[in-house]
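Here the structure is laid out as structure tokens; the discussion comes afterwards.
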Amino acid sequence: MALRVYNTLTRRKEVFEPLHPGEVRMYVCGPNLYGPTHVGHAMSYLVFDVIRRYLEYRGFRVSHVQNFTDIEDRIIETAREQGTTIEALAARYIERFLREMDALGVRRATVYPRATEAIPTIIEIVQTLVARGLAYASDGDVFFRVSAFPAYGRLSGRSLDEMQAGARIDVDPRKEHPMDFVLWKAAKPGEPAWDSPWGPGRPGWHIECSAMSTAHLGPQLDIHGGGQDVIFPHHENEIAQSEGYTGTSPFVRYWVHNGLLRLTEGEEKMTRHLGNIITIREALDRYHPDTIRVFVLSSHYRSPTTWSEDALAAAARGAERLRTAVETAEELLTASAASPAAAGAPPASAQRGPGPGLGGEDLSDAAASARATFEAAMDDDFNTPGALAALFELASAINRATDAIARGREAPGPERRAALRRSAAVLRELGDVLGLRLASSVTPVQVAGLHDLARELSRERPDLFDPARLEAIPAPAADQAAGAGAAHAEALIRYIAEGRMQARRARDWATGDRIRARLQGLGILVEDTPTGFKWRVR
RNA sequence: GGCGACGUAGCCAAGUGGCAAGGCAGGGGUCUGCAAAACCCCCAUUCGGCGGUUCGAAUCCGCCCGUCGCCUCCA
């Protein structure tokens, strides 16, 4: 089945065919660097990350360009307020942005061009537009002449007349037409400026994307993405500038726009100048990246979505369910591979395969059918809720199989083991297409809590918790990146959980339950199994 | 005011003409020292309201109610 993508320009789903077979050129509007990014940005970048991952899964080679807008009114204003330069401000937010994207598992773009590095290209584009009569200079500013570009308004679906009728802006008297927009702005005293044929100035608000996309991807893009709020005027203007400059149409084959995120039902979208934001950093402090992904992917990318604690909690449990299914299956395969029973001939009952009600009878088909459902959903304009449903169904099939094996207390036959292994691998693979890690991760706050708890226990119950062993646990190197402390956390948890097991073996349930409650207070769940214990992060 | 999108169970959310996916929560059961996880069973005769088209509509059309987006910086 062919991949179909909804194109904002035509308002229809269209079969996806890139300009050059097998190769996709994708440009996603990046952040304006005047402040921290919020979960609304995260949603957009997660959506396009999944689109890219799926295209690559489908065998396309993807060139993914994401710009940084590092020169613009608000940046100048903010830098001035903070007594810093636009360069320093931009550098700070770029670094933070990339760190946050990494934490969310957003794959790095192929290139991250910056507006200030594209000034010569911008000037060349503006000059060309002026030469072709598509732009005109006035007092050091240069405006785009919308009346000279007949297709203006097509993307946002309105005519120049309609736009004027609803316009709420004061018309600049220097404009020939109220909808003409600025390509180049004359510098005011004290503002950053570059020399140009029209005097010192800086780029307008939309021209940088035309310059950077053309420079890195050529005159035609396959996919151009962003939030629905940038359809007009930003993307509308980009079409006018780019096609006016290159003379090639269409500038973009598929315009893809994600729905916007709002903070509360019935309220406006989340946006920085309204102040109703949750920063990505705040979200990452509270939620596992998989939780944020499952939340975002639970609704279709074009639907408006509401950030709610309830929805995030549900997403957290859902992500956990997928993770548990894979981890349990993998542990079971590892454990049974190590046992002699699995190496030799399994009992006849296991060889015959599971009987009715034992589950697993459909396991060999489960992986294939999950993949088919997943692909059908993703092929239909990236229907991630449908794709997630396929993963949940596969997880259920895996759980039925592991449950049957655990209940049967017998080594599974080679065929069942192979089917289980395959199913778990497919769940991981398809999860990865959605950018899901399906692995626990412990936050620095939790590690600190674990440390305190371990110390406390070794002081109170040295009989169960050997202080010498605690001292022997190596602290993680200070310069290690986030996530590298995982081994350290693991060691602390094992230390605590093993002491707890000792108490339980002595049938000291009270101590065992108390420690379990303390760990749960840290967000770490310890479960007792016939063979020992398991832990995971909630 | 103009243009556009949406309204599906307690919550989140797929489904765009043929008997309502999935997740969370909830109820019952199995397992467990107790839990947790997992498994089994139950949980929308109904898709904002009212009309219409059709053998048949959550899905198409009309009107109404509600919410959001864009028209201005914005992912």
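Residue numbers begin at 1 in each chain, while the letters A, B, ... track the order of the sequences. The structure presented is a predicted model; accordingly, all values stated were derived computationally and were not measured.
Between U8(B) and A21(B), the distance separating the two C1' atoms is 12 Å to the nearest Å. Nucleotides G26(B) and A35(B) are separated by 15 Å at their P atoms, to the nearest Å. Between the C1' atoms of A58(B) and A20(B), the separation comes to 8 Å (whole Å). C63(B) and A9(B) have their P atoms separated by 25 Å, with the value rounded to a whole Å. The gap from the P atom of C31(B) to that of A25(B) amounts to 23 Å, rounded to the nearest Å. G51(B) and C40(B): their C1' atoms are spaced 46 Å apart (whole Å). To the nearest whole angstrom, the two C1' atoms, one in A13(B) and one in G2(B), are 32 Å apart. A gap of 34 Å separates the C1' atoms of G1(B) and A57(B), to the nearest Å.
One atom, CG of Asn237(A), and another, C1' of C71(B), lie 13 Å apart when rounded to the nearest Å. Rounded to whole angstrom, the span from the CH2 atom of Trp255(A) across to the C1' atom of A75(B) amounts to 14 Å. When the C1' atom of G22(B) is taken as reference, atom CG of Leu322(A) falls 11 Å away, rounded to whole Å. Straight-line distance from the CG atom of Leu297(A) to the P atom of C24(B): 16 Å, rounded to whole Å.
The pairing partner recorded for A25(B) is none, the criterion being a Watson-Crick or G-U wobble arrangement whose two distances lie under 3.5 angstrom. Nucleotide C43(B) forms a pair with no other nucleotide shown, judged by Watson-Crick or G-U wobble geometry with both contacts under 3.5 Å. C3(B) and G69(B) make up a base pair, with Watson-Crick or G-U wobble contacts both under 3.5 Å. If you check A37(B) for Watson-Crick or wobble pairing at under 3.5 angstrom, you find it has no partner at all. Using the Watson-Crick or G-U wobble rule with both distances under 3.5 Å, U54(B) pairs with nothing in any strand shown. Across all strands shown, C63(B) pairs with G49(B); the Watson-Crick or G-U wobble distances both stay below 3.5 Å. Using Watson-Crick or G-U wobble geometry with both donor-acceptor distances under 3.5 Å, A14(B) finds no partner in any strand shown.
With ring centers used as reference points, Phe382(A) lies 6.0 Å or more from Phe48(A). Phe295(A) has its ring centre no less than 6.0 Å from the ring centre of Tyr287(A). Between His235(A) and Trp255(A), a ring centre-to-centre spacing shorter than 6.0 Å is recorded.
Contacts between residues 103-113 of chain A and RNA chain B, defined by a heavy-atom separation under 4.0 Å, are absent. Against RNA chain B, the stretch residues 429-440 of chain A makes no heavy-atom approach under 4.0 Å.
Annotation for Ala401(A) and Leu420(A): closest pair CB-CD1, 4.1 Å, computed over non-hydrogen atoms. Contact between Pro203(A) and Ile207(A) at its shortest, heavy atoms only, is CB-CG2, 3.6 Å. Of all the heavy atoms in Tyr45(A) and Pro31(A), the pair that sits closest is OH-N, 3.2 Å.
Residue contacts shown for Tyr45(A) are limited to sugar-phosphate atoms, with no base heavy atom under 4.0 Å away. Contact annotation for Leu261(A): base contact, defined as any heavy-atom pair under 4.0 Å involving a base atom.
Counting non-hydrogen atoms of other residues, nucleotides and ligands closer than 6.0 Å to CZ of Arg428(A) gives a total above 12.
For Arg302(A), the side-chain contact (heavy atoms from CB on, under 4.5 Å) partners are Tyr6(A), Lys13(A), Gln228(A), His300(A), Asp381(A), not counting sequence neighbours. When the side-chain contact (heavy atoms from CB on, under 4.5 Å) test is applied to Arg536(A), the partners found at least two apart in sequence or on another chain are Glu320(A), Thr324(A), Ser440(A), Leu525(A), Glu527(A), Arg538(A). Take Trp535(A) and apply the ring pair (Phe, Tyr, Trp, His ring centres under 6.0 Å) test, not counting sequence neighbours, and it matches no residue. Residues forming a side-chain contact (heavy atoms from CB on, under 4.5 Å) with Pro36(A) (at least two apart in sequence, or on another chain): Tyr93(A), Arg96(A), Thr279(A). Every side-chain contact (heavy atoms from CB on, under 4.5 Å) that Ala370(A) has, sequence neighbours left out, goes to Leu394(A). A search for ring pair (Phe, Tyr, Trp, His ring centres under 6.0 Å) contacts involving His64(A) returns nothing, not counting sequence neighbours. With sequence neighbours left out, Asp432(A) forms a salt bridge (Lys or Arg N to Asp or Glu O under 4.0 Å) with Arg53(A).
In this structure, the nucleotide among G23(B), A75(B), C71(B) sitting nearest to the side chain of Phe392(A) is G23(B). Here the nucleotide nearest the side chain of His41(A), chosen from C73(B), A75(B), A14(B), is A75(B).
Side-chain atoms of Thr373(A) and Glu393(A) form no donor-acceptor pair, as typed in the model, at a separation below 3.5 Å. Asp70(A) and Thr116(A) share a donor-acceptor pair across their side chains, judged by distance under 3.5 Å alone. Thr37(A) and Glu100(A) are linked by a side-chain donor-acceptor pair at a separation below 3.5 angstrom, with hydrogens and angles left out of the test. Side-chain atoms of Thr78(A) and Gln82(A) include no donor-acceptor pair closer than 3.5 Å.
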Please write out each protein N/O paired with an N/O of nucleotides 15-19 of chain B under 3.5 Å, distance rounded to 0.1 Å.
from: G15(B); atom 1: OP1; to: Asn383(A); atom 2: ND2; distance (Å): 3.3

Close N or O pairs between protein and nucleotides 33-38 of chain B (under 3.5 Å):
from: G33(B); atom 1: N7; to: Arg504(A); atom 2: NH2; distance (Å): 3.2
from: G33(B); atom 1: O6; to: Arg504(A); atom 2: NE; distance (Å): 2.9
from: G33(B); atom 1: O6; to: Arg504(A); atom 2: NH2; distance (Å): 3.4
from: G33(B); atom 1: N1; to: Asp513(A); atom 2: OD1; distance (Å): 3.1
from: G33(B); atom 1: N2; to: Asp513(A); atom 2: OD2; distance (Å): 2.8
from: C34(B); atom 1: O2; to: Arg516(A); atom 2: NH2; distance (Å): 2.6
from: C34(B); atom 1: N3; to: Arg516(A); atom 2: NH1; distance (Å): 3.0
from: C34(B); atom 1: N3; to: Arg516(A); atom 2: NH2; distance (Å): 3.3
from: C34(B); atom 1: N4; to: Asp528(A); atom 2: OD2; distance (Å): 3.3
from: A35(B); atom 1: N6; to: Asp528(A); atom 2: O; distance (Å): 2.8
from: A35(B); atom 1: N1; to: Asp528(A); atom 2: N; distance (Å): 2.8
from: A35(B); atom 1: N3; to: Arg516(A); atom 2: NH1; distance (Å): 3.0
from: A36(B); atom 1: O2'; to: Glu527(A); atom 2: OE2; distance (Å): 3.0
from: A36(B); atom 1: O2'; to: Arg536(A); atom 2: NH2; distance (Å): 3.3
from: A37(B); atom 1: OP1; to: Arg317(A); atom 2: NH2; distance (Å): 2.9
from: A37(B); atom 1: OP1; to: Arg538(A); atom 2: NH2; distance (Å): 3.4
from: A37(B); atom 1: O4'; to: Glu527(A); atom 2: OE2; distance (Å): 3.1
from: A38(B); atom 1: O3'; to: Asn399(A); atom 2: ND2; distance (Å): 3.2

Every protein N/O within reach of nucleotides 66-69 of chain B N/O, cut-off under 3.5 Å:
from: C68(B); atom 1: OP1; to: Gly266(A); atom 2: O; distance (Å): 2.3
from: C68(B); atom 1: O4'; to: Arg262(A); atom 2: NH1; distance (Å): 3.2
from: G69(B); atom 1: OP1; to: Lys269(A); atom 2: N; distance (Å): 2.8

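Contact check, Ser159(A) against C3(B): no side-chain N or O comes under 4.0 Å of OP1 or OP2.
The 5' end of RNA chain B is approached more closely, in terms of each residue's nearest nucleotide, by Asp310(A) than by the other of Gly30(A) and Asp310(A).
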